[in-house]
Structures are given as C-alpha cells and as structure tokens.
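Every chain is numbered from 1, with letters handed out A, B, ... down the list of sequences.
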Amino acid sequence: MEKIHDILSDKFINSEAEIRGWVYRIRSSGKITFIILRDSSGIIQCVASSDNLNEDQMRELSSMTVESSMEVSGTVRKDDRAITGYELAIKSYKIYERNENFPITKDLGEEFLLDNRHLWIRSREFTSVLKIRSTVFKAFADFFYNNSYYQVQAPMFVSTATEGGSTLFTVDYFGEKVNLTQSSQFYLETLIYSLEKVFTIAPSFRAEKSRTRRHLAEYWHAEGEAAWYSNEDMMKDEEKLIEYIVNEVIKNNSEDLNIIGRDINVLKKIRAPFERIKYRDLIEMANKKFGMDLKYGDDLGADEEYNIMIHFDRPIFVTNYPEELKTFYHKPDPENPGEILCHDMLAPEGYGEVIGGGERIYDLNELLDRLKKNNLNPEDYYWYVDLRKYGSIPHSGFGLGLDRLVTWICGLKNIRDSIPYPRTVRRVKP
RNA sequence: GCCGCCAUAGCUCAGUAGGUAGAGCACUCGGCUGUUAACCGAGCGGUCGUCGGUUCAAACCCGACUGACGGCGCCA
C-alpha cells in the first residue's frame, strides 16, 4: 500500500501501485472514467478504461460519487493531462463505501460550511492549513525544548482571574462555582521556582462576546515563563521562536502554502531581530508617518494595529506601554516613570497582536500596592503573592495566541479557519 | 453590549410598479474513449426563516422575533 504523494514521481513510472482513499473528483465519458483519489498525502488521477476492466466494472466505477472510499491498484504513468502530473491506470479496485451524495459541492456558503465543518475539513485547502498548524505546534514545543525549557501543565478549572473583569466562563464544580482558565501564566510563575524555564500549550477560555475575525471563545494559548529573564531577554527568545516556527513551516509545508495561495517569499522575510519600538515613539510614528491621529494613553485597537502593521513586512515589538493600559502584575520601568517593562508582538501585513508579555513585579510590597490600586483582594491571590515572599526573583513571560499565529502564517482572513472546530459566541456545533 | 448586513430548491443565487417562483450546481436517467469544478439532452426538486399587520391579493411593504455573517469595544 502506497501513499499518493510517494508515487507522484518518475521512479514509479510503469510500476504497480496500490492506494486507498476518497474520491476527490470524478468525470466520466462513457467508455473512460477519471477518478481523482485523495488521501492525507495528496491527490492523483486514476483512469478506468475498458483496456483493463469489464463492462460491469466500468459501469460501477463511472457511478462512483465524491468522497466515497475505495482502494485502487494499477500501473503508474506520467501524463501532463493529469492534475498532479502522474496517473494510475486502474486494474483492480475495492469499494469500501459508496456515498449517496456528498453535501458539499462547488458552491460554498459560510453558514453551510460552518454547519458542515466535520465534512469541510476534508477539503484540500483545509487539510493544508491543518498540516501547517501541526508544524506550528510542534515547532513551538521543539524550540523551547531546544532552549532548556520544561513543558508543564496547569489546571483548566481555576478560582482566580488573571486579568480581572468579567471575561470568565463559570462552571459548576461539585456544587461550587469556578472558572475556566483564561491564562496559565500565574501557575507558570509558580513553576519557575523549581524548573526555572517553563512553557505550556493549553486552551484558554474567554467569555467575551467578541464578534470579530480574530477572536475565539476557546483558543490555544502557548505561554512561557523564565526565571532571571528581563523584558529584553524574553523578547530575544520570542523573536527567535517566531523565526524558527516560520522556517519550519517553509521547510515542511511549501506545498501546503502553495495550495492555500500563501506567498512563501513573504514568509522568507521573517528574520530576527525584530524592531523594538516604545509605545510613545509608535504613537508619534503613527501620527507623523502614517497620517493617524493618536494621543498618548490611547490603547491600540484593531483599526490602529491594522493601520500601523500594514506598513511592516516583519513583526515588531511595542514596549513601554503606559501603566494604566496593562494589568497589575507588570513591572514598572525604573528609567521611564509611568511606563512598564512589557511588550506586545504585532504581526505584519496588518495582522496585529500575536504575543503579549513582559517582566513581572517581584517585590512583595509593590505587588500588594498594585493589587490594591486595581481593587483586587490579595487574599484571593494568596498563592501568587506568596511567590514574592519566598525567594522572589526577577522573571519574565509571555502568552502567544497559536491560532492567531497560524492565521497570519497562512494568510487567512478569519481566525476561525485556523482551527478545525472554532468556538465563537454563537457557535458550539459541530 | 452596541452598530451594520443578510435569510427564496440539498447548495449558490436571481426575482416582479405587490397578481400564486426561476437559473446554475448536486441527485436520477440517457449520450460521449482523455476529462481538468468536463460537456450535451431529459427528469426530480419550494408551507420564499417564524409570527403578526397593511391589502381584494405579500417572497416583495411594515413590525416583532429567531438564526447567520461582518465591524466596534475587550483581548491572544
């Protein structure tokens, strides 16, 4: 049994091959039938003609339907008329299941495709996105393993918020109300005291009723935390990480990039280091060079990020946000009062934020002070506060939206198309 | 939560100044030995999202609701 991709080669010409998969396209003109068969590796045209097959077999093959499953064996030959350059002359075959009719045809509506997601993921384009996604997840983990980080796992049921606000899903936990995690950061911070450098890949849940092309209610959150790291140290790892992931995709998925129409040359420009721009300098740049109208203290919304990042062809780091724009645990910058040691990584081509990170406060009183200012009860965060009492050290971390990263790398219009089963405000099926 | 847009055949969409609905694809049958989302002929296929209102008459006008998509805010 061969994989289709393997027999698309001059080495296989005139040799016998046996493949199995699903009918991708079928065309018949009576005495000759073309069945394009697909498996996970690719597609190939299979030809049924009366040279090799009897009348009954010809009739049976000509009435096959899209997505029916079958096994085919025959001789491989080169033919420019075949969609992938080679074809297989069918000598024998076995049908596993002949479909009545496959619901998805050439006309594709958004709602219909979302309702039939379980079938749509078979499409050639989606298959390629899923392969790229697989590379991204593997490359993320590999990069950190190669850089002395340990992989850890944090709980999904939690009792404290990380960010504050009403963005948490509440679930019944043996009669007690608890939340689904929106970030594993605090747990990662506890783990650096034994492992020093840790990372995790886990879902995060946000109950925000966001209706945009870059939000999911359940998304894959890749987070890292490193002892003794400054904000700058963290950015250095992150830019190398992104460069590594993009390189792995270029190396392993060039055919997939081609199938989804993503220009590989755009990705080849993604080389570390990435430019670091202080928030206040970015505001000035946006106003002077890009004709925008921003004030110091404005948060960068989706429009702003788009209008800025459309001018860049590689990611940038935005650092030194004003204190009031970010959450309580960020460490203030001693050299720039009112600003914090943090960074957002914005992806180019208008994609915007994919990473948020920075240095954490490690002084006990400073943390208690910031909790108070944000109207948070230190008792709820007792275990997080404890870290500042027992061998506290400088450290930094980050959170990366893997689905956003895949969306950008694949050049997709909507984050929904980066994940097999997107969970959004209005959709939990299929 | 706010704003916008949409809902007609299994799918994608037309549709008339308000007068009882149409195409392409899919499917079924027939034709064709090199097709490329094949082509040609025929057939099958609809309480025009739901409820209510205006009218002699509503898919079309009005209202509410439901569902879907997009944008903002929030964030990754």
Task: Between B/A37 (C1') and A/Ile43 (CD1): distance, integer Å - done: 12 Å
Open item on the list: How many whole angstroms separate atom CZ of A/Arg427 from atom C1' of B/G67?
Closed with: 10 Å
Open item on the list: Keeping A/Tyr306 on the side-chain end and A/Gly301 on the backbone end, is there a donor-acceptor pair under 3.5 Å?
Closed with: no
TODO: Please state whether the rings of A/Phe398 and A/Phe144 are parallel, tilted or perpendicular, taking 30° and 60° as the class boundaries.
DONE: parallel
Task: Per-nucleotide protein contact string for nucleotides 39-49 of chain B (B base, S sugar-phosphate only, - none; heavy atom under 4.0 Å) - done: -----------
- [ ] Can you tell me, in whole Å, how much space there is between the C1' of B/U20 and that of B/G24?
- [x] 24 Å
Open item on the list: Would you say CZ of A/Phe169 has more than 12 non-hydrogen atoms from neighbouring residues, nucleotides or ligands within 6.0 angstrom?
Closed with: yes
Task: Plane angle bin for A/His311 and A/Phe290 - parallel if under 30°, tilted between 30 and 60°, otherwise perpendicular - done: parallel
TODO: Mind calculating the distance between NZ (A/Lys31) and P (B/C32) to the nearest angstrom?
DONE: 5 Å
- [ ] Considering just the side-chain nitrogens and oxygens of A/Arg416, establish if one lies under 4.0 Å of OP1 or OP2 belonging to B/G70.
- [x] yes
Open item on the list: I'd like to check the side chain to side chain contact (heavy atoms under 4.5 Å, CB included) partners of A/Asn287; sequence neighbours left out, ordered by chain and number.
Closed with: A/Ile283, A/Met292, A/Leu294
- [ ] Treat primed atoms plus P, OP1 and OP2 as sugar-phosphate and everything else as base, then score nucleotides 24-29 of chain B 5' to 3': B for base contact with protein heavy atoms under 4.0 Å, S for sugar-phosphate contact only, - for none.
- [x] BSSSS-
TODO: Describe the nucleic acid contact of A/Ser50 in one word from base, sugar-phosphate, nothing, applying a heavy-atom distance below 4.0 Å.
DONE: base
Open item on the list: Closer than 4.0 angstrom, basic N to acidic O: yes or no for A/Lys269 and A/Asp263?
Closed with: no
Task: Rounded distance (Å) that lies between atom P of B/C2 and atom CZ of A/Arg426 - done: 11 Å
Open item on the list: Using a 3.5 Å distance criterion without hydrogens, assess whether the side chain of A/His215 forms a donor-acceptor pair with backbone atoms of A/Arg211.
Closed with: no
Open item on the list: In this structure, how many angstroms lie between the P atom of B/A76 and the CD atom of A/Glu223, rounded?
Closed with: 9 Å
Open item on the list: Any base atoms under 4.0 Å from A/Ala222, or only sugar-phosphate, or nothing? Heavy atoms, all strands.
Closed with: nothing
Open item on the list: So A/Leu216, base contact, sugar-phosphate only, or nothing? Heavy-atom distance under 4.0 Å.
Closed with: base
Task: Aromatic ring pairing A/His221/A/Tyr219, orientation class (parallel under 30°, perpendicular over 60°, tilted between) - done: tilted
TODO: Confirm from the modelled atom types if A/Arg77 and B/G34 form a donor-acceptor pair under 3.5 Å, side chain to base only.
DONE: yes
Task: Residues A/Glu97 and A/Ser68: side-chain donor-acceptor under 3.5 angstrom - done: no
Open item on the list: I'd like to know if the side chain of A/Asn252 pairs up with that of A/Thr135 as donor and acceptor (distance under 3.5 Å, no hydrogens or angles considered).
Closed with: no
Open item on the list: Over 60° means perpendicular and under 30° means parallel, so tell me whether A/Phe317 and A/Phe274 are parallel, tilted or perpendicular.
Closed with: tilted
Task: RNA chain B: stems of at least 3 consecutive Watson-Crick or G-U pairs whose donor-acceptor distances fall under 3.5 Å - done: B:1-4 with B:69-72, B:10-13 with B:22-25, B:27-31 with B:39-43, B:49-53 with B:61-65
Task: Nearest-Å distance for atom pair CG/P, residues A/Leu88 and B/G34 - done: 19 Å
TODO: Check the distance between B/C75's C1' and A/Tyr219's OH and give it to me in whole angstrom.
DONE: 7 Å
Distances under 3.5 Å between protein N/O atoms and the N/O atoms of nucleotides 71-74 of chain B, please, pair by pair.
from: B/G71; atom 1: OP1; to: A/Arg213; atom 2: NE; distance (Å): 2.2
from: B/G71; atom 1: OP1; to: A/Arg213; atom 2: NH2; distance (Å): 2.8
from: B/G71; atom 1: OP2; to: A/Arg213; atom 2: N; distance (Å): 3.0
from: B/G71; atom 1: N7; to: A/Arg211; atom 2: O; distance (Å): 3.1
from: B/C72; atom 1: OP1; to: A/Asp303; atom 2: OD1; distance (Å): 3.4
from: B/C72; atom 1: N4; to: A/Arg211; atom 2: N; distance (Å): 3.4
from: B/G73; atom 1: O6; to: A/Ser210; atom 2: OG; distance (Å): 3.4
from: B/G73; atom 1: O6; to: A/Arg211; atom 2: N; distance (Å): 3.4
from: B/C74; atom 1: O2'; to: A/Glu208; atom 2: OE2; distance (Å): 3.2
from: B/C74; atom 1: O2; to: A/Glu208; atom 2: OE1; distance (Å): 3.1
from: B/C74; atom 1: O2; to: A/Ser210; atom 2: OG; distance (Å): 3.1
from: B/C74; atom 1: N3; to: A/His215; atom 2: NE2; distance (Å): 2.9
from: B/C74; atom 1: N4; to: A/Arg214; atom 2: NH2; distance (Å): 2.8

Task: Any donor-acceptor N/O pair, A/Arg262 side chain to A/Ile409 backbone, under 3.5 Å - done: yes
Open item on the list: Any base atoms under 4.0 Å from A/Arg81, or only sugar-phosphate, or nothing? Heavy atoms, all strands.
Closed with: base
Task: Over 12 foreign heavy atoms within 6.0 Å of CZ, A/Phe157 - done: no
Got a list of side-chain donor-acceptor pairs under 3.5 Å for residues 123-130 of chain A, not counting sequence neighbours?
from: A/Ser123; atom 1: OG; to: A/Trp120; atom 2: O; distance (Å): 3.2
from: A/Ser123; atom 1: OG; to: A/Phe126; atom 2: N; distance (Å): 3.2
from: A/Thr127; atom 1: OG1; to: A/Ser123; atom 2: O; distance (Å): 2.8
from: A/Ser128; atom 1: OG; to: A/Arg124; atom 2: O; distance (Å): 3.4
from: A/Ser128; atom 1: OG; to: A/Asp256; atom 2: OD1; distance (Å): 2.9

- [ ] Quick one: pull up NZ in A/Lys94 and OG in A/Ser69 and give me the separation to the nearest 0.5 Å.
- [x] 10.0 Å
TODO: Remember a base hit wins even if backbone is also touched, and classify A/Ser49 as base, sugar-phosphate or nothing at under 4.0 Å, heavy atoms.
DONE: nothing
Open item on the list: What is the distance, to the nearest angstrom, from the CE atom on A/Met58 to the C1' atom on B/U35?
Closed with: 13 Å
Open item on the list: What contact category does A/Ile355 fall into here, base, sugar-phosphate, or nothing, at under 4.0 angstrom with non-hydrogen atoms?
Closed with: sugar-phosphate
